[in-house]
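Notes follow once the structure below has been shown.
Basis for what follows: all heavy atoms, side chains included, without hydrogens, waters or symmetry-related copies. Just so it is clear, the model here is predicted, and its values are computed rather than measured. First listed ligand is number 1; within each ligand, the first listed atom is number 1.
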Amino acid sequence: MQRRLISSPKDFYALWRVRACEENSLREQPFPAERLVQAIWQHQRLRRGELRTLDGKAVLVFHPGFINFEGGPDFRGAVLQIGGDAPCSGDVEVDLRIGGWRAHGHDHNPNFQNVLLHVVWEDAGTPAVARKHNAKPGKPVVLCLKNVLDAPLDELSLALENESLRSLPENLRGKCCAPLRELDEGKLSGLLHPAARARFENKAAQYRARARNAGWEQTLWEFLFRALGYKHNAWPMQYLAEQCTRLLASLENTPAGEMVPALQARLLGAGGLLPAELTRVQRSSDSYLRRAWDFWWRERDAFSDVILPRVAWRFHGMRPVNHPRRRLALASHWLADKTFIPKIENWIVAEKSEGTSCRELTKILQVKHDDFWSWHLTLASPRQKKPQPLLGEARVTDLAVNVILPWLWVRAVEGGNKKIQNEAERRFFAWPEAEDNSVLKLARQRLLGTSNAKILKTAAAQQGLIQIVRNFCEHSNATCENCKFPELVRGWAATRSDLNRTLKRPG
Ligand code: SF4
C-alpha cells in the first residue's frame, strides 16, 4: 500500500524507508507495537467523530492527555466526554488488548484509580470478554482503535515512526504558547524572574513558619531530609528528621569513629529499613548489616514508638542510587559532623565567584568516603569497581536552590542582615541550571513550544517556569480551560513594549 505513495523510482530513500518499516513490522510481534498505538492515540490519528466504547457510548476527546514516562497510566490529564456524562479530566491507559488491564496488575494498582478510558488495539474478537470487562464496576470503559484509524496502519506506522512520544504535538500546546513565543530572550527572562522569585519567597515563608515552632537548625534538617526523599519519599524522610533530636540523644559520648555507623543504624532502624535477614550472597553487605544490628538490637525497644511502617515508603520505579537507605546513610554523615551547619553559614559569607561557590557547596554536602555506601548502590548489589558518590552534582543544585539558599535568605531577612540576604538572592538567580525533569520537559513544550532544554539557562529560570505551571496549569486542564495566563502575558508584553518605546523616544 505504501509503495504507491512513492512518486518516482529515483526516490530510493523513500523505498528503503518503506522496506525497513515493513521488515520492522514483520519483526514486531504482536503488530502493532504498543508504542505505535500510544503514538496513534497521542496524535489522534483516528476518525474522531466515530469513537465508541465497547458498550456503545460515544467518546469525545477534547485532549488525549500528556504522555507519562513515570509509573502509572500512559497518559495523564486527558479531557474526555463519555456517553451522556459531563466532560471530565482523567487518565488514559493504552494496552494492546483488554486482558492487559489485569495482566499488568492495573486493577490493583492505586496509580490507575483515575483512569477514565482503557484504550486498546483490539478486543481480541470476543464480545463476551468485552461485555464482561465493561460490566465490572470500577473498571474504565474500553475503546478499541483498530477500526477507527484515519489511515491504513502501515501508513500511520511510517508517519509516526520518527515522532518521539516525548515531543508534544504542535496542536496540543498550551494557549499561552503563542504569546510566550513572541517574547525575545530578554522579555522571557523578565517574565520568569519574578515567577522564580515568588517560588523562592514562598519556600522561604514556609521555612520561617516552621522555624518559629522548631528553630532554624531543625527546620534546615527537616527540609534537607525532605529534599533527599525526592517527591515519593519526602514525608517519611521529613518524619525521620522530626525524630532527629531523639535519635541523636545519648550519642554524645560515642567515639568519633563509631558515630556514623551508630547514626546509620538508628536512622535505618527507625525508618524500618534494616532488613531482618542477611543477604547471604554479599559478604560485605552482611558485615554491614551485622554491625548495624549490633547497634540497633539494643536500642530498638527504646525507639519502638517512632519506627516507620514499611508501607510509608515508595520504592517503585526508583533508581538504586536514589534509594532512601543511601540517602539516610549520607544524612548520617551530615548529622555526625558538628560543623555541618556552621560550614553552610560560612559558605554564604565568603565572597566567591559563581563556579567556586557551587564547588564549595558541593564539598560541604558531598561525603568523602563511606566504608560501605561508597562502594555499594544497594544492600544486595555487589561491590562497585569505583567508589560511587553519595550525592551527585544535580542533587547539590536541587538542595541549593530549594532549601539552602531560601533558608539562608529568610534567616537573614529575619535577622536584618541585608548583606547575606542580597548574597543569597544573587546566588539563587545566578545558579546554573538543574538537571532536567519530567515537569520541566512538559512545561517547555507546552508553554514555550520547544523541547530544547537550553532555553532555560539558570536554575531560577527553571524554577520560574515550574511556578507558572503550579499557579496556572494546575488550576486548569489540558485544554487550558479558563486559564488567564495567555491574556496576562499579552497584556504584560504590550505594556513592556509601550514602556520601551516611551524610553527610546528622543527628548
Ligand atoms: S493552562 Fe494556562 S499556563 Fe498552562 S499551558 Fe494552558 S494556557 Fe498555558
Side-chain angles (χ1 to χ4, degrees), residues 41-44 60-70 72-81 86-92 114 116 163-203 231 433-434 436-497:
W41 174 255
Q42 186 186 42
H43 289 263
Q44 290 287 289
L60 287 179
V61 182
F62 299 111
H63 195 289
F66 300 109
I67 186 80
N68 169 36
F69 291 102
E70 300 185 346
D74 293 315
F75 291 86
R76 296 277 197 194
V79 184
L80 309 169
Q81 183 170 22
C88 59
S89 184
D91 302 334
V92 172
N114 201 24
L116 296 175
E163 295 289 342
S164 163
L165 286 167
R166 287 183 190 275
S167 53
L168 195 70
E170 185 96 21
N171 57 354
L172 297 186
R173 287 185 179 149
K175 287 184 182 156
C176 59
C177 188
L180 283 173
R181 280 169 104 178
E182 280 169 19
L183 304 180
D184 60 25
E185 199 181 322
K187 274 193 185 157
L188 180 61
S189 119
L191 182 73
L192 294 176
H193 192 286
R197 191 177 177 94
R199 190 165 170 76
F200 181 81
E201 290 187 5
N202 192 37
K203 287 196 175 110
K231 60 183 171 188
E433 78 276 18
D436 211 5
N437 60 44
S438 55
V439 176
L440 282 170
K441 277 188 185 119
L442 177 57
R444 271 199 316 270
Q445 295 189 62
R446 202 175 166 208
L447 283 83
L448 305 180
T450 175
S451 52
N452 184 358
K454 295 211 178 344
I455 195 166
L456 303 172
K457 296 190 172 60
T458 60
Q462 294 172 318
Q463 294 275 313
L465 190 61
I466 293 172
Q467 186 62 27
I468 294 168
V469 170
R470 301 279 179 255
N471 290 152
F472 294 94
C473 302
E474 290 185 1
H475 298 276
S476 177
N477 60 17
T479 60
C480 306
E481 194 178 9
N482 297 327
C483 181
K484 296 273 179 287
F485 189 60
E487 188 183 312
L488 290 170
V489 174
R490 281 198 185 92
W492 176 82
T495 320
R496 293 260 308 203
S497 301

**Request:** Heavy-atom contacts with Arg446 under 4.0 Å: which atoms of ligand 1 show up? List them by number with element.
**Result:** 1 (S), 5 (S), 6 (Fe)

Would you be so kind as to tabulate the donor-acceptor pairs closer than 3.5 Å made by side chains of residues 449-460, with sequence neighbours excluded?
residue	atom	partner	partner atom	Å
Thr450	OG1	Asn452	N	2.9
Asn452	OD1	Lys454	N	2.9
Thr458	OG1	Ala461	N	3.1

**Asked** Which of parallel (below 30°), tilted (30 to 60°) and perpendicular (above 60°) describes Phe485 and Phe472?
**Response** tilted

**Asked** Does Glu170 come within less than 4.0 Å of Arg181, counting only side-chain N to carboxylate O?
**Response** yes

**Fill in**
Test side-chain contact (heavy atoms from CB on, under 4.5 Å), reference Gln462, set Leu192, Leu440, Val439, Asn437, output is Leu440

**Asked** Is there a side-chain contact (heavy atoms from CB on, under 4.5 Å) between Leu191 and Leu180 once you walk through the steps?
**Response** CA-CA 9 Å; Leu191 182 73; Leu180 283 173; 3.4 Å; yes

**Gln42/Ile67 under side-chain contact (heavy atoms from CB on, under 4.5 Å): CA gap, chis, key distance, verdict** = CA-CA 8 Å; Gln42 186 186 42; Ile67 186 80; 3.9 Å; yes

**Request:** Please list, in chain and residue-number order, the protein N/O/S atoms closer than 2.8 Å to atom 2 (Fe) of ligand 1.
**Result:** Cys483 SG

